[in-house]
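One structure below.
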Protein chains: 2
Amino acid sequence: MAEAKIPKATAKRLPIYYRYLNILFNAGTNRVSSTELSEAVQVDSATIRRDFSYFGALGKRGYGYDVEDLLNFFKKTLNQDRLTNVALVGVGNLGHALLNYNFQQTNSVRISAAFDINEEIANTIQSGVPVYPMADMKEQLQIQQIDVAILTVPINHAQDVADELVAAGVKGIMNFTPIRLSVPATVRIQNVDLANELQTLIYFLDHYGNEAGTSDTAK
Amino acid sequence: MAEAKIPKATAKRLPIYYRYLNILFNAGTNRVSSTELSEAVQVDSATIRRDFSYFGALGKRGYGYDVEDLLNFFKKTLNQDRLTNVALVGVGNLGHALLNYNFQQTNSVRISAAFDINEEIANTIQSGVPVYPMADMKEQLQIQQIDVAILTVPINHAQDVADELVAAGVKGIMNFTPIRLSVPATVRIQNVDLANELQTLIYFLDHYGNEAGTSDTAK
DNA sequence: TTCTTTTGTAAAAGTCGGTCACCTTTTGTC
DNA sequence: GACAAAAGGTGACCGACTTTTACAAAAGAA
């Protein structure tokens with residue numbers, strides 16, 4: 001809610017900058033210029049300056065950016081300094097993997113609750129995360145004040161579960177199902193359709209042969 | 001190699017059309033108009049017509065599209081009619097999950113080989129997929145004529161493994177590591193940075209509060 | 001002080017995707 | 001067979017973002 005409108009393209013680059021700043025910091029580097037950064041993260045230096053400028057004047061003219069200051073700034077901005085709990089709904093193949101997946105080498109994001117309809121899995125602990133039955137979802141989400149959920153349920157339950165999540169006050173859903181969820185405008189959906197992604201990749205290979213093309217996820 | 005330049009946005013919609021066409025076909029529907037399709041897939045009818053038109057004249061004026069014809073066309077275009085083998089490198093948490101993951105309900109994509117540096121995993125079969133040691137990678141990729149790989153290795157090996165993949169003739173890499181791989185222009189990279197994705201989602205929630213925003217992966 | 005470096009940003013240019021509007025073709029009805 | 005209705009194909013346009021250019025302003029360096 002802090003800053004005005006950060007372009008989506010910029011927001012997607014922030015974690016990249018953040019990652020590299022960490023490397024610099026750990027290497028004991030004090031200062032860095034947009035030009036140096038540019039080479040490392042493969043983003044035009046002007047774009048980097050423009051990106052940074054959305055947050056105000058972070059650097060010093062004729063000097064560059066102070067690595068530690070910048071790092072701390074991003075840490076705050078990206079909420080790396082506090083823990084964000086997220087929920088995972090649907091402990092199937094993929095769901096289970098994500099429980100194990102070390103979300104960000106850092107420790108700012110943690111899956112603190114999982115939910116599954118399967119009675120055998122519910123009420124157990126999987127990969128260190130407690131799994132609750134679907135009936136407890138709303139309650140748990142509210143108790144734990146979770147407002148981000150990862151959706152890895154089968155296609156045919158996707159919309160229903162999404163509705164429940166919304167009803168429970170969730171504000172962001174990372175949707176791994178191929179379904180286009182319909183939710184209120186206040187809820188943000190991040191679609192991650194792995195099968196689609198892979199298929200598109202294959203499609204481009206077969207039909208374009210060669211060409212550059214480092215496409216992001218979400219683009 | 002066939003058609004000219006299909007916009008990325010269009011390419012990403014193709015699997016969506018395909019999915020719905022299957023439903024129509026199974027329901028015994030013979031014809032469908034862009035307007036009808038529009039409602040079902042929530043894409044403007046003009047956009048649908050435009051999308052289709054990249055492939056030539058697939059419909060009949062005053063009539064619409066023949067469901068079966070269209071389905072078959074897409075089946076070919078999306079390579080749903082033949083099996084594409086892909087490899088997976090790095091059988092860790094995420095890698096293991098993807099082995100289990102039913103890539104596309106259909107059966108056109110299959111992970112037919114996996115590779116891992118870990119001696120304990122190599123030479124076993126995980127979730128029905130044979131796991132080879134890294135030393136055998138190049139050989140296996142060539143024997144099995146695999147040109148798409150899924151990269152789920154630890155960060156510090158990402159670039160090295162990517163280099164090996166390229167050397168083995170791989171043409172497309174679905175990169176799950178946060179590293180920006182540098183590869184020849186002839187190799188297509190599809191980045192899927194889950195942590196980044198999640199972080200961006202959280203970032204937007206915290207800083208924008210609410211607003212519409214069904215953002216896709218990629219763009 | 002003066003020169004050099006490097007930021008911050010206004011403005012320009014580019015990119016891409018979506019939508020409109022209209023023409024053409026085919027259907028289907030009388 | 002003629003004509004109205006339906007629906008695809010497509011050129012042109014619009015609009016939203018993004019990137020890049022370009023340069024003044026500020027800070028450091030000597």
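Hydrogens, waters and symmetry mates play no part in the numbers below; they use all other heavy atoms, side chains included. None of the values given here were measured: they were computed from a predicted structure. Letters go in sequence order (proteins before strands), and every chain restarts at 1.
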Could you note down all residue pairs passing salt bridge (Lys or Arg N to Asp or Glu O under 4.0 Å) where residues 51-60 of chain A supplies at least one of them, sequence neighbours left out?
A:Arg13-A:Asp51
Measure the distance from [atom1] on [X] to [atom2] on [N] and round it to the nearest whole Å.
| X | N | atom1 | atom2 | value |
| --- | --- | --- | --- | --- |
| B:Leu37 | D:dG8 | CG | C1' | 12 Å |
| B:Phe55 | D:dT10 | CZ | P | 13 Å |
| A:Ile6 | D:dT18 | CD1 | C1' | 14 Å |
| A:Lys8 | D:dT19 | NZ | C1' | 17 Å |

What are the bounds, 5' to 3', of the part of DNA chain C that sits under 4.0 Å from heavy atoms of chain B?
C:dG17 to C:dG28
B:Asn85 side chain vs B:Ile146 backbone, donor-acceptor pair below 3.5 Å:
no
Between A:Gly56 and B:Ala9, name the one whose nearest nucleotide on DNA chain C is closer to the 5' end.
A:Gly56
Which pairs count as side-chain hydrogen bond (donor to acceptor under 3.5 Å, both in side chains) when at least one residue sits in residues 34-45 of chain B, sequence neighbours excluded?
B:Ser34-B:Arg49
For residues 62-76 of chain A, which residue pairs pass the side-chain hydrogen bond (donor to acceptor under 3.5 Å, both in side chains) check, not counting sequence neighbours?
none
Sequence-distant partners of [X], side-chain hydrogen bond (donor to acceptor under 3.5 Å, both in side chains), two or more places apart:
| X | value |
| --- | --- |
| A:Asp116 | none |
| B:Ser33 | none |
| A:Asn79 | A:Arg82, B:Asp206 |

Describe, in one word, how the ring planes of B:Phe74 and B:Tyr17 are oriented to each other, choosing from parallel (under 30°), tilted (30 to 60°) and perpendicular (over 60°).
tilted
Atom pairs under 3.5 Å, N or O on each side, protein against nucleotides 26-28 of chain D: can you list them with distances?
residue : atom : partner : partner atom : Å
D:dA27  : O4'  : A:Arg61 : O            : 3.0

Residues in residues 39-51 of chain B with a heavy atom under 4.0 Å of DNA chain D, by number, are B:Arg49, B:Arg50
Using side chain to side chain contact (heavy atoms under 4.5 Å, CB included) as the criterion, list what pairs up with A:Ser53, not counting sequence neighbours.
A:Arg50
For B:Val148, side chain to side chain contact (heavy atoms under 4.5 Å, CB included) partners two or more places apart:
A:Leu198, A:Leu201, A:Ile202, A:Leu205, B:Val86
Sequence neighbours left out, cut at 3.5 Å: what donor-acceptor pairs do the side chains of residues 150-168 of chain B make with other protein atoms?
residue  : atom : partner  : partner atom : Å
B:Thr152 : OG1  : B:Val89  : O            : 3.1
B:Thr152 : OG1  : B:Gly90  : O            : 2.7
B:Gln159 : OE1  : B:Ser182 : N            : 3.0
B:Gln159 : NE2  : B:Asp163 : OD1          : 2.8
B:Gln159 : NE2  : B:Ser182 : O            : 3.0

Looking across every strand, which nucleic acid part, if any, lies under 4.0 Å from A:Phe52 by heavy atom: base, sugar-phosphate, or nothing?
nothing
